[in-house]
Amino acid sequence: MVGICYSIKKNRIESGLTVGFTMDTDGTLVMNEHEPRHALYVRALDCATQDGSWGRLSFEAEYPENMTCYVYVRALNESMFYRAGKLTKIDDFLCDKEESPTIKREFFERVDAKRHINHKDVLLYEQRGRYLYFVIEFVGEGSGYLRNIKVDRRGDNFMQTFPEVYRERNSFFHRYLSIFSSIYIDFQQDIEQLPKLLDVNTCPVQLLITYGKWLGIDLDCDIQDEKILRELVREAYSLNRMKGTKKAIRTIAKIMLGEEVLLLEHNIMEDYLAGKERMDIVKLYGSSIYDVVMLVEHPVSELVKSQLMYLIDQFKPLRSRIHIVHLKSDGMLDSHSYLDMNARVFEVENGGLDENQIMDGVVTLT
């Protein structure tokens, strides 16, 4: 038999029926705390073989002690049944939110479904049929979750290594070996996930800080944006190659702020200005040759500013001091200001003239 493993992920859950659950973006079902009942009805798994055999149903769940978990499982060769003289699809019946849970439980009782209580790992060796129907139900109030639901058709990996006389399905020896087989399968699945854990694009967010440290960048500054964290780890190698340069600072700022910044160095600006103008630049560009001003077009919150400086301090030139200046996109003139003939307003806005005001011959309205 082919060892097919079905993973019940977000798309299959959405095609079924959930009661008393809220689904996260990763497909985890979170229990609504004040609901008395939580249930997941999954549309039938089709093995495309009459009297097909099934191996194991497993899932991860956490729920309080006063809550009871019921798992109803039945394999059938039929996908439809007669109800009130009308041919009805079993999937449509089980996933119909208008049907009462009592009637659905009665259906499973009439088809001799197996009921498992407070089990997260269920052997399906007794089940024979093309379609596998199952329901996971939690009764009782409280918080918890349900995730990582899997159905394995093989159920064991070791029976085929023994002589034919020992391969009786659902025998004591078969069920005993399944204990070790289940452990082996779980280990194998964890090993298969290792490439995803080591990939910057797919690894959990919690690992990004660790990977950053491996690559020589400390990201432990409470950055909440997952996209920014992944981009910083991707660029960590390049940033280390250009540490101590303006390019490194610009790259970090672009990742953090999403825009290009302008870096002005005091010692360079001083060469372009002389006399009285040189004294004026001290207020903006600092008084030391080690002062560098970063001009940012949009305002930056204090949290983002502290995170940006935390990262820049790891890559800036030795002894340099970075100052961030925010450039506002608009301004306001007071009542005694005027625009010279070479002034220009970049953004078109509606305006009005006060009473008794005139426009001279060089003003053009468009």
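These figures come from a predicted structure and were not determined experimentally.
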Under a 3.5 Å cutoff, is there a donor and acceptor pairing between the side chains of [X] and [Y]?
X	Y	value
H34	E141	no
Y70	N118	no
H323	D291	yes

State yes or no: do [X] and [Y] share one hydrophobic cluster built from I, L, V, M, F, W and Y residues joined by side-chain heavy-atom distances below 4.5 Å, directly or via other members?
X	Y	answer
V19	I13	no
V233	I312	yes
I103	F108	yes
V300	I228	yes
L29	M31	yes

Whether [Y] and [X] form a salt bridge (side-chain N of Lys/Arg under 4.0 Å from carboxylate O of Asp/Glu) is what I want to check.
X	Y	value
E109	R105	no
D152	R56	no
R83	E99	yes
D92	R43	yes
R37	E137	yes
K227	E231	no

Heavy atoms only: give me the nearest [X]-[Y] pair and the separation to one decimal.
X	Y	result
A253	L308	CA-CD1, 3.9 Å
I90	E78	CD1-O, 3.7 Å
Y310	C221	CD2-CB, 3.6 Å
A75	G129	CB-N, 3.8 Å
H38	E35	NE2-O, 3.3 Å

To the nearest 0.5 Å, tell me how far [X] [atom1] sits from [Y] [atom2].
X	Y	atom1	atom2	value
D218	L215	CG	CG	12.5 Å
D96	D91	CG	CG	12.0 Å
Q314	N240	CD	CG	9.0 Å
I8	L146	CD1	CG	10.5 Å
I252	L257	CD1	CG	11.0 Å
L40	L17	CG	CG	8.0 Å

Going through the distances and angles, do R319 and Y290 end up as a side chain to side chain donor-acceptor pair (under 3.5 Å)? CA-CA 6 Å; R319 300 180 65 182; Y290 302 109; 3.2 Å; yes
Does [X] reach the side chain of [Y], with side-chain heavy atoms less than 4.5 Å apart?
X	Y	answer
L239	M242	yes
L232	M256	yes
R250	L263	yes
F59	K150	no
V325	V296	no
C47	R153	yes
V151	L124	yes
M67	V139	no

Would you please test E60 and K120 for salt bridge (Lys or Arg N to Asp or Glu O under 4.0 Å) and show each step? CA-CA 7 Å; E60 296 178 18; K120 303 176 187 177; over 6 Å; no
Identify, with sequence neighbours excluded, every residue that meets side-chain contact (heavy atoms from CB on, under 4.5 Å) alongside Q50.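 With neighbours one apart ignored, the set is N77, R130.
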Can you tell me how the ring of [X] sits relative to the ring of [Y], calling it parallel under 30°, perpendicular over 60° and tilted otherwise?
X	Y	result
F21	F138	perpendicular
F93	F81	perpendicular
Y176	F172	parallel

Run through L45, D121, I149, L123 and flag the one making a side chain to side chain contact (heavy atoms under 4.5 Å, CB included) with L57.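 The side chain to side chain contact (heavy atoms under 4.5 Å, CB included) with L57 is passed solely by I149 among L45, D121, I149, L123.
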Do K243 and F315 meet the cation-pi criteria used here (NZ or CZ under 6.0 Å from the six-membered ring centre, within 45° of the axis)?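 Yes, K243 lies over the aromatic ring of F315.
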Using a 6.0 Å distance limit plus a 45 degree cone around the ring axis, check whether K104 lies over the aromatic ring of Y41.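 Judged by the rule, K104 and Y41 form a cation-pi pair.
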Within the distance-only criterion (no hydrogens, no angle test), does the side chain of [X] pair as donor or acceptor with the backbone N or O of [Y] below 3.5 angstrom?
X	Y	value
K254	G258	no
T18	G16	no
T49	G52	no
D24	D26	no

Report the C-alpha separation of F107 and L94 in whole Å, then their side-chain angles, then the decisive distance to 0.1 Å, and conclude whether the side-chain contact (heavy atoms from CB on, under 4.5 Å) test is met. CA-CA 9 Å; F107 167 81; L94 293 176; 4.1 Å; yes
For residues 198-213, tabulate all N or O donor-acceptor pairs below 3.5 Å that involve a side-chain atom, not counting sequence neighbours.
| from | atom 1 | to | atom 2 | distance (Å) |
| --- | --- | --- | --- | --- |
| D199 | OD1 | N201 | N | 2.9 |
| N201 | OD1 | R234 | NH1 | 2.4 |
| T202 | OG1 | K196 | O | 2.8 |
| Y211 | OH | L197 | O | 2.4 |

Counting only heavy atoms not in K247, do more than 12 fall under 6.0 Å of its NZ?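 At most 12 heavy atoms, drawn from other residues, nucleotides or ligands, come within 6.0 Å of this atom.
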If you count heavy atoms of other groups shown closer than 6.0 angstrom to OH of Y237, is the number above 12?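 Check fails, neighbour count at 12 or below.
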